[in-house]
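Report on one structure; see the data block that follows.
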Amino acid sequence: MNIIVVGNGGREHTICWKLAQSSVVDKIIVVPGNGGTAYESKCVNIDPKKCDYIKDDENAYVQIAKHENCRMAVIGPEDPLADGLADEFWKADIPCIGPKKAAAQLEASKDLSKNFMKKYGVACAASETFVNKDAACEYVRKHGAPIVIKADGLAAGKGVVVAATEEEALNAITDLMEEGRVGAAGKKVVIEEYLEGVEISVLAAVSVTPEFDVIGSSAIIPFLPARDHKRLMDGAKGPNTGGMGAVCPLDDVTDKIMEQFDKDILQPTLNGLIKERFDYRGFIFFGVMLTKTGPKLLEYNVRLGDPETQAVLPLMDFDFAAMCTSILNGTLKDFNFQWKKGYQVAPVVVSGGYPASYKKGCEITINEQLLKASDAKVFIAGAVTGRRGGADLLTSGGRVLACSAFGATFKEAWAKAYQGISAIKFENAFYRKDIGLPGAAESGKL
């Protein structure tokens, strides 16, 4: 079977690596892919701009999938999902992993998402939505700080401000609604109560569509809980980023916590997806705050998280492609999920200057012997193949790569991951040295 994977980040490299391990997968077409997928087993990168067979009368991704005889599509990022790419694949009779456009708005609109949570009783922070700047500012003055300001639309991780003071909150509202810092995405804002606690990420497989609802086979099956580290510097200091590393599983997440998550967040979400008659066959990301009164949902993402994917998928002791098939045909409930007994640590290496301005085009060198000795896997995010031939890699983004390693204990996995990082060099490379260690996670206390 040939599969098309849409995206060019570390999440997509990890998905392709996992799919390639399946005996039923012959070739993976990655559109557009990156410097990691270019050299991954069974993978071929294709740039739509360089395809002479692409015509204007049909979606470019669909045309590539047809040309390459793909029997399944997997969409990695949120933007194409929000734009309805899954709908286009299904119209072309290409089964697709990724929710259709209506369901994808659970991430594309914070307002819609919060209304969904309230309607179906999902445990979450109290919130109000505003389209008028003055009204939003008045709400902040009334409720005080700390408080959370969120742009309604997709903002590439730049639309959320956790304001420690009233002044910060008012400035954030001005930046979003008046100054247009994230464009149209910030014309409407959601203001939430601030929740104290520790964050976790729960990725899950989703198989919900009206015909499955009739026979009772709709399901959401959670993966092992993981934790992202969003602050740039050690000790959870510095600016927010897209993610500086992830660990999985989590010793501080008990069976009791997961049972409460299932009761108060997952099951109400499943009920809501069914009641709304969404066609949602793909993955969901639950961003959860563990508070004194139990888990509370912060947000939905309608795809796998990044860099959590780089820590969760390597622990899967089952055929990822077969699981995707079960999502599509309504047998997810019966799929046999098996997990490796151990830990995965995946610190991220970024370009110096990130998340602000940074240099691109820096040559990446990898000591293959040292990397092999570490037993770590490098997942490329912001790097492309070099122009000098061979297997050269050049940086092309802020988050360049993740170095993911497995260990029977957390200590072993941590040591292997950082040993792997020592094999990788490029100009102004930067990484946190405390991923997964005590005090590294954001505590939720300002």
Side-chain angles (χ1 to χ4, degrees), residues 1-46 68 70 72-77 97-98 203 205 223-224 226 243 245-248 282-283 303-325 327 337-340 342-349 364 366 368 371-372 374-385 391 393 397 399-407 413 416-417 420-421 423-424:
M1 175 172 63
N2 293 352
I3 299 175
I4 181 172
V5 174
V6 176
N8 66 347
R11 166 184 48 228
E12 287 76 38
H13 184 185
T14 313
I15 289 170
C16 291
W17 168 79
K18 198 64 183 174
L19 284 170
Q21 296 173 10
S22 173
S23 61
V24 304
V25 174
D26 298 311
K27 185 164 69 169
I28 302 165
I29 306 303
V30 199
V31 189
N34 62 30
T37 54
Y39 298 105
E40 196 60 64
S41 172
K42 299 184 183 180
C43 293
V44 177
N45 287 356
I46 291 183
E68 297 292 337
C70 294
M72 181 190 297
V74 180
I75 302 173
I97 296 293
L203 314 184
F223 302 155
L224 297 176
V247 294
C248 181
F283 304 110
R303 31 75 187 184
L304 293 176
D306 188 337
E308 292 94 340
T309 298
Q310 292 89 308
V312 175
L313 266 61
L315 289 173
M316 291 179 170
D317 201 14
F318 54 84
D319 188 313
F320 189 77
M323 182 198 63
C324 288
T325 298
I327 288 171
F337 285 84
Q338 297 289 331
W339 298 90
K340 295 179 182 177
Y343 295 80
Q344 199 79 20
V345 178
V348 170
V349 185
I364 302 170
I366 300 177
E368 297 291 350
L371 181 64
K372 185 177 180 181
S374 74
D375 200 30
K377 171 66 179 178
V378 174
F379 293 116
I380 296 296
V384 295
T385 51
L393 289 172
R399 288 192 296 163
V400 177
L401 57 89
C403 197
S404 185
F406 172 80
K416 286 181 175 181
I421 280 183
I424 302 161

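Counting from 1, the numbers follow the sequence of the chain as shown.
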Q: Under the side chain to side chain contact (heavy atoms under 4.5 Å, CB included) rule, what do Cys70 and Ile3 come out as? Steps first, then yes or no, please.
A: CA-CA 5 Å; Cys70 294; Ile3 299 175; 5.9 Å; no
The criterion is side-chain contact (heavy atoms from CB on, under 4.5 Å); which residues satisfy it with [X], sequence neighbours excluded?
X: Asp306; result: Arg11, Gln310, Arg399
X: Lys340; result: Leu315, Asp317, Phe406
X: Thr325; result: Met72, Asn329

Are any of the side-chain heavy atoms of [X] and [Y] separated by less than 4.5 Å?
X: Val74; Y: Ile15; value: yes
X: Pro347; Y: Ile421; value: yes
X: Leu224; Y: Phe337; value: no
X: Ile97; Y: Ile75; value: no
X: Val384; Y: Asn34; value: no
X: Val5; Y: Leu19; value: yes
X: Cys248; Y: Val312; value: yes
X: Val349; Y: Ile424; value: no

Could you tell me which residues satisfy side-chain hydrogen bond (donor to acceptor under 3.5 Å, both in side chains) with [X], sequence neighbours excluded, listed by chain and number?
X: Ser404; result: Gln344
X: Thr37; result: Asn45
X: Glu12; result: none
X: Gln338; result: Asn336

Q | Contact list for residues 15-36, test salt bridge (Lys or Arg N to Asp or Glu O under 4.0 Å), sequence neighbours left out | A | Lys27-Glu68
Q: Report the residues that fulfil ring-ring contact (aromatic ring centres under 6.0 Å, His included) with Phe283, sequence neighbours left out, ordered by chain and then residue number.
A: Phe320
Q: Start with the C-alpha gap between Ile4 and Val31, add the side-chain angles, then the distance that decides, and say whether side chain to side chain contact (heavy atoms under 4.5 Å, CB included) holds.
A: CA-CA 7 Å; Ile4 181 172; Val31 189; 3.8 Å; yes
Taking all atoms of both residues into account, what is the closest heavy-atom pair of [X] and [Y], and its distance?
X: Val24; Y: Ala321; result: CG2-CB, 4.1 Å
X: Leu203; Y: Gly305; result: CD2-N, 3.7 Å
X: Val30; Y: Gly7; result: CG1-O, 3.9 Å
X: Gly33; Y: Asn8; result: O-CB, 3.2 Å
X: Ser22; Y: Asp319; result: OG-OD2, 2.9 Å
X: Ala226; Y: Glu308; result: CB-CG, 4.2 Å

**Q.** CD1-CG distance between Ile364 and Leu393, expressed to the nearest 0.5 angstrom
**A.** 5.0 Å
Q) How many angstroms lie between CD1 in Ile28 and CE in Met1, if you round to the nearest 0.5 Å? A) 9.5 Å
Output side-chain donor-acceptor pairs under 3.5 Å for residues 374-383, partner residues at least two apart or in another chain, one line each.
from   : atom 1 : to     : atom 2 : distance (Å)
Ser374 : OG     : Leu371 : O      : 2.6
Ser374 : OG     : Ala376 : N      : 3.1
Lys377 : NZ     : Glu40  : OE1    : 3.0

Q: Return the set of residues passing salt bridge (charged side-chain N to carboxylate O under 4.0 Å, His left out) with Arg303 (not counting sequence neighbours), or none when no residue passes.
A: Glu78, Glu107
